[in-house]
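Here the structure is laid out as structure tokens; the discussion comes afterwards.
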Amino acid sequence: MTNSVLWYTTRGAGAVTLILLSSVVVLGILSTMRVQSRRWPRFLTTGLHRNLALMTLVFLALHIVTAVVDPYTNLGWAAALIPFSSSYRTLWLGLGVIAFELLAAIVLTSLVRGLIGHRTWRAIHWLTYAAWPVGVLHGIGTGTDTLSVWMLAITAGCVAAVGVAVFLRLTSGSADPLAGARTTFRVAVDRREAR
Amino acid sequence: MTRLLDAPDALTALPNAGKGLIDAIERSGLVGRGGAWFPVATKWRAVAERSHGQAVVVVNGAEGEPQSKKDRLLMTTRPHLVLDGAFLAARVLRAARIVLYIGERHDVARNAMLRALAQRTEPERRIVTVSAAPSRYVAGAETAAIHLINEGIATPTTAPPYPFERGVGGAPTLVQNVETLAHVALIARTGQAPHTVLVTLAGALKQPGVLEVEKGTTVAEAVRRSGGFTEPPRAVLVGGYFGTWVETQRALDLELDHGSMRRHDLGLGCGVIGVLPTSRSPVRETAGIMRYLAQESSAQCGPCFFGLRALADTCTRIAEGTSKPEDLKRLQRWAAEVRGRGACRHPDGAVIFLSSALDLFASEFANDSAYALRRTA
């Protein structure tokens, strides 16, 4: 009975992680687009993005720990931390480990952003665009509930939401109201060629 | 008594100078002549204690202030004096490198500096490089100079880190105006405190141009030496575009010295004294300068870029008689809101200038606003 509780927790936490992570990605994209309205100030987007990201890690930890300690799977800690080291579903679990480690790096660098500088932080934050699809593939590939109607709906909803957000980001240009003027000024005082 | 523009510019051996020069500078009370009037000794000590033989000296001859001509004149006529100051700084601060940062349109000044440099010894020449400052207002700012030398783009950056902490190539850096360095050279040679100031007289004068005046010389005397007014003056702009409009009688009595100006809550800035004739509209003149300063915002900070543009637009509307009823109040409110909201001091300088215009030309601003109201009524 305890074993099946662990197993259900792993599956449930996995599904919740997917929903939370997709929300975080969408919110992150919306914040770069400076989306706002009367009822939705911009700090709400960034605040939610931050807090949901921390919550994602909590559910991800639950997902991983319950999977490892479940005696039925017999995975071991190495399989949870070293990609493609698991004998069980090597590829799919490996993808999950990679997604987890990328997300951990992204969250940790965000917590110490003041120390590492904006440029480094941003470069690492871009890895989200790798971590999210890898995580989704892990869920589709090894998820026990992948083919159930509700899980199909969740996965499809998450992919659609992130897809739409990325599409809008790519087509909307810069949301910075100073971007045009700043570029013009920088071009006027740029002497890189002359040196 | 030695004056900058009377000093011989012949190439002579550098006077011996060590850490004692910083004390001599401190005793002389020398302050930076680029416009900020910051104590030179304080700046040098900050760089010296971090240098470890790696520091960089930037000789600032950008002179981005449109009315100012004194830095150009000094570099053109006394290049060795400026270079002496730079090499003394390099020696005292144990600097590894000197960068001459000269306005790209100041050809005569740059050529004079390069000719003088070519006459120096090989070990001296080896540590000097030359960078051209874009002819924009903010390019003369310390952090903009460092940004150009490092990355080729002359926009101001946020401080801290201050130049004395992390400047050119990441090394502790001294950015010093050319006039200041020339004074350092004289202090090292004569041991005397500098007693003159370079000023640029501009506007409605018969012979506008650069003067080297004894500290304490009145504006009236400087006007007399500039041939007098061409027509009755309306007001005097003291300290250039980041300066203050002053009523003519009061301005004529002012002494051309930063300490004396400070006691009147004024600043000499880069040393520009501009005379506005009665034939020109003060509101129109203020609007024009605000337009210029708005265009010179590097568009990095919203309050500066949008704020100065809104202020310039409003001034222009009042000058053209198309203002809205609330425009005058808006100018006052926005001026207060923009202040201190930029990464550099560009918005602050512009707002100090505008506030003095709103004070001194209150009746003109009120009249021109009222004219617009009568027209629409």
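Each chain gets a letter, A, B and so on, in the order its sequence line appears, and its residues count up from 1. From a predicted model like this one, the values you see are computed outputs, not experimental measurements.
- Side-chain contact annotation: A:Thr10 with A:Thr66, donor-acceptor N/O pair under 3.5 Å present.
- Of the atoms belonging to B:Val138, it is side-chain heavy atoms, and not backbone ones, that fall under 4.5 Å from chain A.
- Of the listed residues (A:Ala188, A:Pro177, A:Gly180), the one with the most heavy-atom contacts under 4.5 Å to chain B is A:Pro177.
- Taking the ring centroids of A:Trp126 and A:Tyr129, they lie under the 6.0 Å cut-off.
- Contacts between B:Glu104 and chain A at a heavy-atom distance below 4.5 Å involve the side chain alone, from C-beta outward.
- Aromatic pair A:Phe185/B:Phe305: ring centres not closer than 6.0 Å.
- Looking at B:Thr129, there are no atoms closer than 4.5 Å to chain A (heavy atoms on both sides), in backbone or side chain.
- Side-chain atoms of B:Gln300 come within 3.5 Å of backbone atoms of B:Pro156 as a donor-acceptor pair (strictly under, hydrogens ignored).
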